[in-house]
Visitor: 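Structure provided below as structure tokens; questions to follow.
Letters A, B, ... mirror the listed sequences (proteins, then strands); counts begin at 1.
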Number of protein chains: 2
Amino acid sequence: MGAAHKSNEIRIAEILRRRNLSVTDSRKKILSIFLAHPDALTHGSIEKQAGEKFDRVTVYRTLQAFEEKGIIHAIPSSDNNKRYALCKDCDEGHHHDEHVHFLCSSCGKTICLDDVVSPSIPLPEGYRVENVQVLINGVCRECKG
Amino acid sequence: MGAAHKSNEIRIAEILRRRNLSVTDSRKKILSIFLAHPDALTHGSIEKQAGEKFDRVTVYRTLQAFEEKGIIHAIPSSDNNKRYALCKDCDEGHHHDEHVHFLCSSCGKTICLDDVVSPSIPLPEGYRVENVQVLINGVCRECKG
DNA sequence: GTAACTGCAAAATATTTGCATCCTT
DNA sequence: AAGGATGCAAATATTTTGCAGTTAC
């Protein structure tokens, strides 16, 4: 086991412990999948990558726990396919998801642009704005070449 | 049958014919539900409002046809619940859905703010932007009072 | 040891498909 | 009359729930 791998193990355990989640095989595995993928993942793609090793129900419960504890956040989309991505600075019960999400029409990946914050948008009188999420469709850097 | 009702009937038939959809009971009913509701609707709420009169499968196929023909558009959300709203100026195969959508955390309604257009957002070099969708969470006018 | 987590079975829900019949044009 | 739309039945797929056994702490 190389040093890089070991430090990743430690990092994963820390993320879980900080949220009061016990460190189990399935959680380590699913979290490592997120850490290895910069793009957003669906339940289906996680189940596939995790292999036969984990029960489908465990994947559902793990994603739910991760979302509640602020490890991942759900990303808006127009289909019925819930996507999740790693949170940068989320806490339990509080998601900092006000950055832009980019959906590439070529490769189909959804990417968090953590550094691009949502703009403030002037609404008509009478609305209280709590959170602005932006979903941009287009062609990503890799696909545009 | 009053004049208002009659003109609505005519309006509905025109919308369907313009898209080369034959004018059937289920399509008239579902389209009338959309016309009567300013907020976005899920498959479930449409099925409920249509009553026992129509088969569940017909509702699926009707919504799919409406979306393809540009009568309604799907609205992004973070749950797994597809929402649809009437298009203002959509054509077959081309949705003008670049306006802001507002999700009220109090009443749960999703509202199209047709007059609030999506801002242009500067992205890092290398992305091609085709479409910007904005989803705002907050409290709507009715709930804020 | 105890509380939390997992896997299995099964239920509940949601969505899709094929086909015979009916309706719109 | 012909093609498209619907309803029904059934196949798939997705998500949730309960519970008994297992694991982390």
Visitor: Quick check for you: to the nearest 0.5 Å, what is the distance between B:Thr62 atom OG1 and B:Lys29 atom NZ?
Guide: 13.0 Å
Visitor: What range of DNA chain C does chain B touch, first nucleotide to last, counting atoms under 4.0 Å from its heavy atoms?
Guide: C:dA14 to C:dT25
Visitor: For A:Glu98, what residues pass the side chain to side chain contact (heavy atoms under 4.5 Å, CB included) criterion, not counting sequence neighbours?
Guide: A:Ser118, A:Asn131, A:Val132
Visitor: Kindly indicate whether the side chain of A:His73, heavy atoms from C-beta on, has any atom under 4.5 Å from the side chain of A:His99.
Guide: yes
Visitor: Check salt bridge (Lys or Arg N to Asp or Glu O under 4.0 Å) between B:Asp55 and all other residues, then give those that pass, not counting sequence neighbours.
Guide: none
Visitor: What donor-acceptor contacts under 3.5 angstrom involve side-chain atoms of residues 74-87 of chain A, with partners at least two apart or in another chain?
Guide:
from	atom 1	to	atom 2	distance (Å)
A:Ser77	OG	A:Asp79	OD1	2.9
A:Asp79	OD1	A:Asn81	N	2.9
A:Asp79	OD2	A:Arg83	NH2	3.0
A:Asn80	OD1	B:Lys82	N	3.2
A:Asn80	ND2	B:Asn80	O	3.4

Visitor: So B:Lys69 and B:Arg18, do their side chains get closer than 4.5 Å, heavy atoms only?
Guide: no
Visitor: Tell me every residue that passes side chain to side chain contact (heavy atoms under 4.5 Å, CB included) with B:Lys144, counting only those two or more places apart in sequence or in another chain.
Guide: A:Arg128, B:Val139
Visitor: Mind running a 4.0 Å heavy-atom check of residues 43-59 of chain B against DNA chain C and sending the residues that fall below it, in number order?
Guide: B:Arg56, B:Val57
Visitor: If you look at every strand shown and take non-hydrogen atoms under 4.0 Å, does B:Arg61 touch a base, only sugar-phosphate, or nothing?
Guide: base
Visitor: OP1 or OP2 of D:dT15 versus the side-chain N and O atoms of B:Asn80: is any pair under 4.0 Å?
Guide: yes
Visitor: Rounded to the Å, how far apart are B:Ile30 CD1 and D:dA5 P?
Guide: 13 Å
Visitor: Can you list the residues that meet the salt bridge (Lys or Arg N to Asp or Glu O under 4.0 Å) rule with B:Lys88, with sequence neighbours excluded?
Guide: B:Asp114
Visitor: How about A:Lys28: does its NZ atom have over 12 heavy atoms from other parts shown lying under 6.0 Å from it?
Guide: yes
Visitor: When the C1' atoms of the five terminal pairs at each end define the local axes, what inter-axis angle does the helix from C:dG1-D:dC25 to C:dT25-D:dA1 show, to 10 degrees?
Guide: 40°
Visitor: D:dT6 P sits how many Å from B:Gln64 CD, rounded?
Guide: 12 Å
Visitor: Roughly, in whole Å, what's the span from OH in B:Tyr60 to P in D:dG7?
Guide: 15 Å
Visitor: Can you sort out the partners of A:Arg61 under salt bridge (Lys or Arg N to Asp or Glu O under 4.0 Å), two or more places apart, ordered by chain and number?
Guide: none
Visitor: Who passes salt bridge (Lys or Arg N to Asp or Glu O under 4.0 Å) against B:Arg141, sequence neighbours left out?
Guide: none
Visitor: Please tabulate the protein-to-nucleotide N/O contacts below 3.5 Å involving nucleotides 23-25 of chain D, giving atom names and distances.
Guide:
from	atom 1	to	atom 2	distance (Å)
D:dC25	OP1	A:Val23	N	3.1

Visitor: Name all pairs fulfilling the salt bridge (Lys or Arg N to Asp or Glu O under 4.0 Å) condition that reach into residues 31-47 of chain B, sequence neighbours left out, sorted by first residue then second.
Guide: B:Glu47-B:Arg56
Visitor: Between A:Leu63 (CG) and D:dT16 (C1'), how many Å, whole number?
Guide: 14 Å
Visitor: When rounded to the nearest 0.5 angstrom, what is the spacing between CD1 in A:Ile72 and CD1 in A:Ile30?
Guide: 8.5 Å
